[in-house]
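This report refers to the structure that appears directly beneath it.
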Protein chains: 2
Amino acid sequence: MQVKNYIERKNLEKKLHLFKNTCHKNHLKITPQRVTIYKKLISSQEHPSATDIHRKIKNIFPDISLNTINTNLLAFNKIGLINVVEGSGDAKRFDVNLDPHHHFRCLDCNKIIDFYNKDFENIKIAEELIEEFTITDKKLHLEGICDRCKSGYAWFGEDVDNVNYGRSKKRR
Amino acid sequence: MQVKNYIERKNLEKKLHLFKNTCHKNHLKITPQRVTIYKKLISSQEHPSATDIHRKIKNIFPDISLNTINTNLLAFNKIGLINVVEGSGDAKRFDVNLDPHHHFRCLDCNKIIDFYNKDFENIKIAEELIEEFTITDKKLHLEGICDRCKSGYAWFGEDVDNVNYGRSKKRR
DNA sequence: TTGACAAACAGGATTCAATACTATATAGTA
DNA sequence: TACTATATAGTATTGAATCCTGTTTGTCAA
Ligand SMILES: [Mn+2]
Ligand SMILES: [Mn+2]
Ligand SMILES: [Zn+2]
Ligand SMILES: [Zn+2]
């Protein structure tokens, strides 16, 4: 347990180091807000929207504006620190996981979950498609109901901190 | 050519028949607006947004409201006549093609193009995923640059009728 | 064919995400 | 420490989507 925590701490440090380096290279200043936004991205598995992050981060910076979140997320995306993932007409969702991977989206709670699939790399894409288009990304996309929603164990009940009080679909 | 037109006309009639049948079963009245919206969906390969359809259909019903389009698209979706596809934080995109298929999205013009891949059906999804989640949909998603954008042959120049004049990303 | 009624329509209001704009604050550095 | 380019907060604007309401229209039964 001690060892695991040590490894995770080292891992976080490594990511933060890379983050600061990349910001520096791209003339982005290291501000407390910026670092906090990135940390929130790292610590979340849920592919949060800008609003999700805004809500979370208000505990730390009560006056931070949604605009700052949006601006920074777009900046991070531009310099390759994060990706935008398909949300389904909802708000944009952001992905700090840069390893090649795929997504499962729960139709009920709208959570997006990473998974990996080695076999997929070998899948044949028709020649005509490859000739016609320049393909820069190739992903598997699953939809359905996640274990939590399946078991009737609702999205609330834990970490109230992450709850979306808005009109839009519930999200964890 | 005569024969081809005949077949296409027959095909359209068949789809419209199914459409009216399904509406009827679901207590949706057959109105000229409703039929026209569905026809526009059938005749478009581009996975249009509600606004796209609204713009097109104004030629026929100058006073039709965007609300009518949205309400009807959601109604069609509810009774299984169309699907909603992932837009990427943009407006929802609608898909009248009910056959199992996959999508390529152009990062430049935002066009979504259907393609088919038989090999994909056999792809192995990890046991643990299947146990954890109820998977209702499994799709391939490609991104990149379409032939038209690749060749520098811009999205405009043809069918001005379909052009998006809005602030959001250009679309064909 | 007509009349009654439930459903659909147009149009306006509201909500929310996203972007634009700007005055003030601050990180980086000389 | 002081200078300057960038970031931030806060406000305004745009657009998608939903809600609401009064009027119109398709459907079905008489
Ligand atoms: Mn991911
Ligand atoms: Mn499609
Ligand atoms: Zn779920
Ligand atoms: Zn294109």
Side-chain angles (χ1 to χ4, degrees), chain A residues 19-21 23-38 47-55 57-58 60-79 84-94 110 164-171, chain B residues 19-21 23-38 47-55 57-58 60-79 84-94 110 164-171:
Chain A
F19 167 73
K20 288 179 181 174
N21 236 334
C23 281
H24 197 254
K25 265 183 221 151
N26 290 277
H27 314 288
L28 296 191
K29 292 176 179 171
I30 310 298
T31 66
Q33 291 93 333
R34 192 161 270 168
V35 174
T36 310
I37 291 169
Y38 186 71
H47 303 78
S49 68
T51 317
D52 289 335
I53 294 177
H54 188 224
R55 198 167 37 243
I57 226 168
K58 268 184 161 172
I60 303 167
F61 297 93
D63 291 336
I64 198 168
S65 93
L66 178 56
N67 190 7
T68 300
I69 312 288
N70 267 307
T71 307
N72 278 302
L73 289 172
L74 291 185
F76 294 171
N77 182 39
K78 199 169 187 177
I79 65 179
V84 181
V85 303
E86 317 268 318
S88 201
D90 277 5
K92 286 193 183 77
R93 306 281 288 267
F94 297 90
N110 214 11
N164 185 338
Y165 292 103
R167 178 168 60 108
S168 56
K169 234 176 276 168
K170 54 198 192 281
R171 175 181 300 159
Chain B
F19 167 72
K20 288 180 180 173
N21 236 334
C23 282
H24 198 252
K25 267 186 219 149
N26 290 276
H27 314 290
L28 295 190
K29 291 175 179 171
I30 311 298
T31 66
Q33 290 93 333
R34 193 161 269 165
V35 174
T36 309
I37 292 170
Y38 186 71
H47 303 78
S49 68
T51 317
D52 290 335
I53 294 177
H54 188 224
R55 199 168 36 244
I57 225 168
K58 269 185 161 172
I60 305 168
F61 297 95
D63 291 335
I64 198 167
S65 90
L66 178 56
N67 189 10
T68 300
I69 313 287
N70 268 306
T71 308
N72 277 303
L73 289 172
L74 291 185
F76 294 170
N77 182 39
K78 200 170 187 177
I79 64 179
V84 181
V85 303
E86 317 268 319
S88 203
D90 277 4
K92 286 191 184 76
R93 305 282 287 269
F94 298 91
N110 214 9
N164 185 338
Y165 293 102
R167 177 170 60 106
S168 54
K169 236 176 275 168
K170 51 198 194 278
R171 174 181 300 159

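Lettering follows sequence order; numbering is per chain, from 1.
Atom CG in A/N77 sits roughly 15 Å away from atom C1' in C/dT19 (whole-Å rounding). We find that CZ of A/R34 is positioned 8 Å from C1' of D/dT6, with the value rounded to whole Å. C/dC9 atom P lies 9 Å from atom CZ of B/F61, rounded to whole Å. In this entry the distance linking NE2 of B/H54 with P of C/dA10 reads 8 Å, nearest Å. Atom P of nucleotide D/dA16 and atom NZ of A/K92 are separated by 13 Å, given to the nearest angstrom. The CD1-P distance, from A/I53 to D/dT8, rounds to 14 Å in whole Å. Nucleotide D/dA16 holds its C1' atom 14 Å from the CZ atom of B/R93, rounded to whole Å. Rounded to whole Å, atom C1' of C/dA8 lies 15 Å from atom CG of B/N70.
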Which nucleotides of nucleotides 24-30 of chain D have their base under 4.0 Å from a protein heavy atom (B), which only their sugar-phosphate (S), and which neither (-), written as one string 5' to 3'?
--BSS--
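When atom types are taken as modelled, the side chain of B/R93 and the backbone of B/H47 share a donor-acceptor pair closer than 3.5 angstrom. Between the side chain of B/H54 and the main chain of B/I64, a donor-acceptor pair closer than 3.5 Å is present.
Nearest-nucleotide positions on DNA chain D place A/H27 closer to the 5' end than the other of A/T68 and A/H27. Where B/P62 and A/T71 each meet DNA chain C at their nearest nucleotide, the meeting point lying more 5' is that of B/P62.
The closest side-chain heavy-atom distance from B/R55 to B/D52 is below 4.5 Å. Counting heavy atoms from C-beta outward, A/Y38 and A/C23 have side chains that stay 4.5 Å or more apart.
End-to-end axis angle of the helix from C/dT1-D/dA30 to C/dA30-D/dT1, from C1' rotation axes over five pairs per end: 30° (rounded to 10 degrees).
If you check every strand for non-hydrogen atoms under 4.0 Å, A/L66 touches nothing. Residue-level contact check: B/D63 touches the backbone only, with heavy atoms under 4.0 Å from sugar-phosphate atoms and none from bases.
Taking the six-membered ring for Trp, B/F94 and B/F76 have ring centres at least 6.0 Å apart.
The side-chain contact (heavy atoms from CB on, under 4.5 Å) check on A/K20 picks up A/I30, A/V35, with sequence neighbours excluded. Residues meeting the side chain to side chain donor-acceptor pair (under 3.5 Å) test with B/T71, sequence neighbours left out: B/N67. Take B/T68 and apply the side chain to side chain donor-acceptor pair (under 3.5 Å) test, not counting sequence neighbours, and it matches B/S65. For A/N70, there are no side chain to side chain donor-acceptor pair (under 3.5 Å) partners at least two apart in sequence or on another chain.
Side-chain N/O atoms of B/N67 and base N/O atoms of D/dC19 include a donor-acceptor pair closer than 3.5 Å.
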